[in-house]
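Each chain gets a letter, A, B and so on, in the order its sequence line appears, and its residues count up from 1.
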Amino acid sequence: MKINILKGMYDVLPDDAAAWQLVEKTVRDVCNLYGFGEIRTPVLEKTELFERGVGKQTDIVKKEMYTFNDKGDRSVTLRPEGTASVVRAYLESGLGAQGEPVKFFYIAPMFRYERPQAGRFRQHVQFGAEYFGIKDPAADVETILLLLSIYDRLDIKYELNINNVGCGKAGCRDSIRDGVKKYFERNLPKMCDDCRLRYESNPLRILDCKKESCMEITEGFSGTGEISCPDCKQYYGEIKKLLDENAIKYSENPKLVRGLDYYTTFVFEVSASGLGAQNSVGGGGRYDSMVKDLGGSDVPAVGFGSGIERVILAMKSRNPGKQYGTKPKIFVVFQGEKAYKEMLPVLSYLRNGLNINACAVFGKSLKAQMRAANKSGAAYAFIIGDREIEEGRYKLKNMETGEEKEIRSGEIENLNKIFGVSI
RNA sequence: GUGGGCGUAGCUCAGCUUGGUUAGAGCAUCUGACUGUGGCUCAGAGGGUCGGGGGUUCGAAUCCCCUCGCUCACCCCA
């Protein structure tokens with residue numbers, strides 16, 4: 001009986017792995033340039049970490065977590081998002097104790113129990129960055145610059161949306177919530193069932209409703225930022241000014257609300273095309289109260305997360321058919337018993353001695369080996385036959401032009417010079 | 001959790017409406033033409049529990065019921 005993969009999971013096969021490696025390398029390179037250090041946290045954490053960090057009222061915590069009891073009867077959860085774990089590690093490591101800013105990045109799998117669809121999985125990999133210890137609009141903008149630099153290098157076309165969702169202080173968020181409720185109060189009978197529920201549980205989410213009837217009503221809403229406290233307004237205004245000064249294009253979306261409760265004042269979302277019904281490749285914002293909520297001191301922070309599957313979808317839709325993998329340089333083919341014995345030593349020498357990407361197949365006729373060489377896309381076929389061995393030479397065939405040249409067996413190390421093979 | 005679409009060869013699919021020889025095609029694979037040389041062409045070959053179970057029928061890929069899976073969308077997110 002064949003066992004197949006779990007719903008919402010996928011295997012990355014070699015052809016795709018090349019694209020993954022490119023994304024991962026780009027993330028590491030750019031994060032290093034920006035002074036963010038890699039952090040690797042466990043996949044499994046105490047359930048409470050996410051309940052407190054992400055928020056008990058969020059969909060993620062309420063219905064999407066892979067939660068179970070371990071053998072010690074502790075409730076544990078497969079990480080559904082990156083920030084809470086990083087905050088936990090930040091506190092546990094004591095790296096913030098000197099009061100210096102701390103900058104982390106990660107590339108890590110996340111788990112959410114949802115119904116899969118295009119661009120959405122139960123296990124997906126996010127890269128993200130978290131910037132602790134500085135509350136200054138420049139830090140927010142620098143974080144955005146980091147994310148957009150990665151997208152630029154990967155040749156993704158994107159749009160940046162930003163909003164001010166207010167902070168937790170001095171009734172700021174509360175007044176926004178009240179303002180939203182007040183605005184929708186009269187129209188409530190005309191709105192969808194979901195929104196009527198949201199009105200009580202999480203009024204801000206009404207702004208995000210995609211039902212046409214609700215959107216029409218939302219149209220006239222001034223936006224969350226208008227109602228926020230003076231501090232938030234000022235901070236948000238400075239971010240916009242810095243974005244302008246740094247020539248970062250963005251759209252203000254006064255209705256942008258993120259599904260995670262921990263964001264304060266500034267949120268952003270980056271959208272791209274080619275992701276099915278989804279259009280968000282990455283998002284983030286400021287979360288100035290989470291460190292304290294998780295038992296630390298009052299440390300401000302800003303960060304983002306971005307889904308690698310969606311990044312790759314966006315890359316592919318922008319460059320259809322592009323190959324990210326490498327092809328063998330030399331395909332070694334043989335004919336005869338003596339040649340068979342010489343195969344592995346020759347391959348080893350090409351690979352380990354000359355550092356050439358070399359391949360071969362066994363148990364096939366010469367013709368079949370040549371077919372395999374052709375299919376592999378190798379630049380050269382290196383032909384070893386008993387005849388060649390007796391005469392102390394090999395043949396090297398250019399697979400593109402069909403041209404064949406000879407090389408004496410003692411001079412393989414001169415492949416470069418003799419044939420102009422670029423290695 | 002809700003709703004639509006789809007499960008036939010390794011892959012992409014036709015056949016199903018109106019049940020009827022050994023279930024097809026393209027691509028891929030293998031072999032040969034070319035006995036030591038790939039791509040192009042031609043000839044041939046292998047490969048199927050028709051997702052699974054039950055029912056109707058002389059007869060089911062085809063009709064009915066159940067079930068499993070995939071997929072897209074909603075909700076929400078990356």
Engineer: For a quick check of understanding: with a heavy-atom distance under 4.0 Å over all strands, which category does A:A277 fall into, base, sugar-phosphate or nothing?
Structural biologist: sugar-phosphate

Engineer: With a sphere of 6.0 Å drawn around CZ of A:R351, does it hold more than 12 non-hydrogen atoms of other residues, nucleotides or ligands?
Structural biologist: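 For A:R351, atom CZ is crowded (more than 12 foreign heavy atoms under 6.0 Å).
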
Engineer: Under 4.0 Å from OP1 or OP2 of B:C74: is there any side-chain N or O of A:Q117 that close?
Structural biologist: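 It does, given that an N or O in the side chain of A:Q117 lies less than 4.0 Å from OP1 or OP2 of B:C74.
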
Engineer: Across the strands shown, which category fits A:E114 at heavy-atom distances under 4.0 angstrom: base, sugar-phosphate, nothing?
Structural biologist: base

Engineer: Provide a list of protein-nucleic acid N or O atom pairs under 3.5 angstrom, restricted to nucleotides 30-33 of chain B.
Structural biologist:
{"unit_1": "B:C30", "atom_1": "OP1", "unit_2": "A:K364", "atom_2": "NZ", "d": "3.1"}

Engineer: Would you check, one step at a time, whether the test salt bridge (Lys or Arg N to Asp or Glu O under 4.0 Å) holds for A:K395 with A:E388?
Structural biologist: CA-CA 8 Å; A:K395 280 181 184 163; A:E388 280 77 14; 3.6 Å; yes

Engineer: Got a sec, which residues hit side chain to side chain donor-acceptor pair (under 3.5 Å) with A:K240, two or more places apart in sequence or on another chain?
Structural biologist: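 Partners of A:K240 by the side chain to side chain donor-acceptor pair (under 3.5 Å) criterion, ordered by chain and then number, come out as A:E252.
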
Engineer: Only pairs at least two apart or in different chains count here, so list each side chain to side chain donor-acceptor pair (under 3.5 Å) that has a residue in residues 308-317 of chain A.
Structural biologist: A:Y10-A:E309, A:D16-A:K316

Engineer: What is the nucleic acid contact for A:Q278, judged by heavy atoms within less than 4.0 Å: base, sugar-phosphate only, or nothing?
Structural biologist: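 Base, at least one base heavy atom under 4.0 Å.
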
Engineer: I'd like the P distance from B:G10 over to B:G47, given in whole Å.
Structural biologist: 11 Å

Engineer: May I ask you to say whether A:R79 pairs ionically with A:E45, meaning some side-chain N is under 4.0 Å from a carboxylate O?
Structural biologist: no

Engineer: Can you check the distance between B:C50 and B:C13, where both ends of the measurement are the C1' atom (answer in whole Å)?
Structural biologist: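 Their C1' atoms lie roughly 13 Å apart.
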
Engineer: Partners of A:F266 by ring pair (Phe, Tyr, Trp, His ring centres under 6.0 Å), sequence neighbours excluded?
Structural biologist: A:F268

Engineer: Where the side chain of A:E81 meets the backbone of A:T83, is there a donor-acceptor pair that is under 3.5 Å apart?
Structural biologist: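 Here the side-chain-to-backbone pair exists.
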
Engineer: Between A:F105 and A:Y34 (judged by ring centroids, cut-off 6.0 Å), do the two rings come close enough to count as a pair?
Structural biologist: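 No, too far apart.
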
Engineer: If the C1' atom of B:U22 is compared with that of B:U2, how far apart are they to the nearest Å?
Structural biologist: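 Pairwise C1' distance, B:U22 against B:U2, rounds to 46 Å.
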
Engineer: Which whole number of Å gives the distance between the P atom of B:G1 and that of B:U67?
Structural biologist: 14 Å

Engineer: Under 4.0 angstrom, heavy atoms only, what part of the nucleic acid is A:G402 near: base, sugar-phosphate, or nothing?
Structural biologist: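 Base contact - A:G402 has a heavy atom under 4.0 Å of at least one base atom.
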
Engineer: Under a plain distance cut-off of 3.5 Å, with no hydrogens placed, do A:E411 and A:Y394 share a side-chain donor-acceptor pair?
Structural biologist: no

Engineer: Enumerate all atom pairs, one protein N or O and one N or O from nucleotides 3-12 of chain B, separated by less than 3.5 Å.
Structural biologist:
{"unit_1": "B:G3", "atom_1": "O6", "unit_2": "A:R115", "atom_2": "NH2", "d": "3.3"}

Engineer: Output a table of donor-acceptor pairs, distance under 3.5 Å, between side-chain atoms of residues 272-283 of chain A and any protein atom two or more places apart or on a different chain; print 'none' if there are none.
Structural biologist:
none

Engineer: If the condition is side chain to side chain donor-acceptor pair (under 3.5 Å), which residues does A:D140 pass it with, not counting sequence neighbours?
Structural biologist: A:Y235, A:R286

Engineer: For RNA chain B, which consecutive runs of 3 or more Watson-Crick or G-U pairs (each distance under 3.5 Å) count as stems?
Structural biologist: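 B:1-7 with B:68-74, B:10-13 with B:24-27, B:29-33 with B:41-45, B:51-55 with B:63-67 - these are the stems of 3 or more pairs that involve RNA chain B.
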
Engineer: Output a table of donor-acceptor pairs, distance under 3.5 Å, between side-chain atoms of residues 176-184 of chain A and any protein atom two or more places apart or on a different chain; print 'none' if there are none.
Structural biologist:
{"unit_1": "A:Y183", "atom_1": "OH", "unit_2": "A:I217", "atom_2": "O", "d": "2.6"}
{"unit_1": "A:Y183", "atom_1": "OH", "unit_2": "A:G220", "atom_2": "N", "d": "3.4"}
{"unit_1": "A:Y183", "atom_1": "OH", "unit_2": "A:F221", "atom_2": "N", "d": "3.3"}

Engineer: Look at all strands and tell whether A:K397 reaches a base, only sugar-phosphate, or nothing, counting heavy atoms closer than 4.0 Å.
Structural biologist: base

Engineer: Please list all pairs meeting side chain to side chain donor-acceptor pair (under 3.5 Å) that have one or both residues in residues 59-70 of chain A, counting only residues at least two apart or in different chains.
Structural biologist: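 Only A:T67-A:T77, A:N69-A:D73, A:D70-A:R74 qualify under side chain to side chain donor-acceptor pair (under 3.5 Å).
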
Engineer: Between protein and nucleotides 45-48 of chain B, what N or O pairs are separated by less than 3.5 Å?
Structural biologist:
none

Engineer: Can you tell me how far C1' of B:G36 sits from OH of A:Y340, to the nearest Å?
Structural biologist: 19 Å

Engineer: NA contact type, A:F331, heavy-atom cut-off 4.0 Å: base, sugar-phosphate, or nothing?
Structural biologist: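 No contact.
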
Engineer: Would you measure the distance from the C1' atom in B:G59 across to the matching atom in B:G20 and give it in whole Å?
Structural biologist: 7 Å

Engineer: Just checking A:G128: base, sugar-phosphate only, or nothing, at a heavy-atom cut-off of under 4.0 Å?
Structural biologist: nothing

Engineer: Expressed as a whole number of Å, how far does the P atom of B:A23 sit from that of B:A9?
Structural biologist: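 About 14 Å, rounded to a whole number of Å.
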
Engineer: With heavy atoms under 4.0 Å as the rule, sort A:K7 into base, sugar-phosphate or nothing.
Structural biologist: sugar-phosphate

Engineer: Indicate, yes or no, whether a donor-acceptor pair under 3.5 Å links the base of B:G38 to the side chain of A:E400.
Structural biologist: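 Answer is no: no donor-acceptor pair is held.
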
Engineer: On RNA chain B, compare the nucleotides closest to A:R310 and A:Y113; which residue's is nearer the 5' end?
Structural biologist: A:Y113

Engineer: So what does A:E269 touch, heavy atoms closer than 4.0 Å: a base, only the sugar-phosphate, or nothing?
Structural biologist: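 No contact.
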
Engineer: With side chain to side chain donor-acceptor pair (under 3.5 Å) as the test, would you mind laying out the steps for A:S228 and A:Y236 before giving the verdict?
Structural biologist: CA-CA 10 Å; A:S228 69; A:Y236 182 65; over 6 Å; no

Engineer: With sequence neighbours excluded, what pairs up with A:Y106 under the ring pair (Phe, Tyr, Trp, His ring centres under 6.0 Å) test?
Structural biologist: none

Engineer: When all nucleic acid strands are considered with a 4.0 Å heavy-atom cut-off, which category describes A:I383: base, sugar-phosphate, or nothing?
Structural biologist: base

